[in-house]
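The residues of the chain are indexed from 1 along the displayed sequence. Both backbone and side-chain heavy atoms feed into the values below; hydrogens, waters and symmetry mates do not.
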Amino acid sequence: MILKKNKPTVYYIAVMMPNIGRGAYKLRFYRASRDLRLMLDLEKKLFAFSWKQKFLEALLVVPKKKYHYPLHLDDNEVMASLAKVVGVTEHRPKFTIATTKAQFVLVETWTADRDSDNHLVFLQHDYPSGTKKKI
């Protein structure tokens with residue numbers, strides 16, 4: 001018997017860009033990364049009616065440009081930004097920018113009274129200093 005691996009559903013994430021820079025306050029669509037797609041599939045199975053609500057208003061790291069590996073960037077070049085999730089859909093939007101990163105912080109975590117330094121370290125973990133400042 002051959003077991004087929006189920007491919008995760010392709011999700012598109014609508015984000016509101018931060019209030020600085022060229023794309024300030026713009027709504028943009030990104031394709032969810034594989035890690036996020038797996039997480040969203042699991043949430044959909046566990047919470048059939050409210051699975052999207054948990055992810056709304058979360059902060060998500062999104063690329064400012066397409067990634068090209070290996071990354072050879074100047075230290076001050078910004079390659080990612082932090083944006084707020086305003087929607088999740090399975091329907092392909094007319095325009096998508098790129099694929100998201102997998103780093104995100106849920107709304108109940110970033111709005112809590114606790115110190116957010118741990119969350120920032122997680123979000124900034126492998127970026128050059130220019131991107132860390134942007135995030």
OH (Tyr30) and CG (Leu36) are apart, to the nearest 0.5 Å, by 13.5 Å

Is the closest side-chain heavy-atom distance between Arg92 and Tyr12 below 4.5 Å?
yes

Rounded to the nearest 0.5 Å, the CG atom of Leu40 sits from the CH2 atom of Trp51 at a distance of 6.0 Å

Separation between OG1 (Thr99) and CZ (Arg37), nearest 0.5 Å, reads 8.5 Å

Rounded distance [0.5 Å steps], CG in Asp41 versus OG1 in Thr9
4.0 Å

Considering only heavy atoms from C-beta outward, does the side chain of Val10 approach that of Arg31 to under 4.5 Å?
yes

Val62 and Met17: side-chain contact (heavy atoms from CB on, under 4.5 Å), yes or no, with the steps?
CA-CA 9 Å; Val62 294; Met17 296 306 287; 4.1 Å; yes

If you define the side chain from C-beta out and look only at heavy atoms, does anything of Tyr11 sit under 4.5 Å from Met39?
no

So, taking the atom named CG in Leu82 and the one named CZ in Phe104, what distance separates them when rounded to the nearest 0.5 Å?
12.5 Å

Do the side chains of Thr100 and Leu60 get nearer than 4.5 Å, heavy atoms only?
yes

Just by distance, do the side chain of Lys52 and the backbone of Val88 share a donor-acceptor pair under 3.5 Å?
yes

Decide salt bridge (Lys or Arg N to Asp or Glu O under 4.0 Å) for Glu90 and Lys44; before the verdict, give the C-alpha distance in whole Å, the side-chain angles of both, and the deciding distance to 0.1 Å.
CA-CA 12 Å; Glu90 296 172 39; Lys44 190 174 179 180; 2.4 Å; yes

From Leu38 CG over to Ser33 OG, what is the distance, rounded to the nearest 0.5 angstrom?
8.5 Å

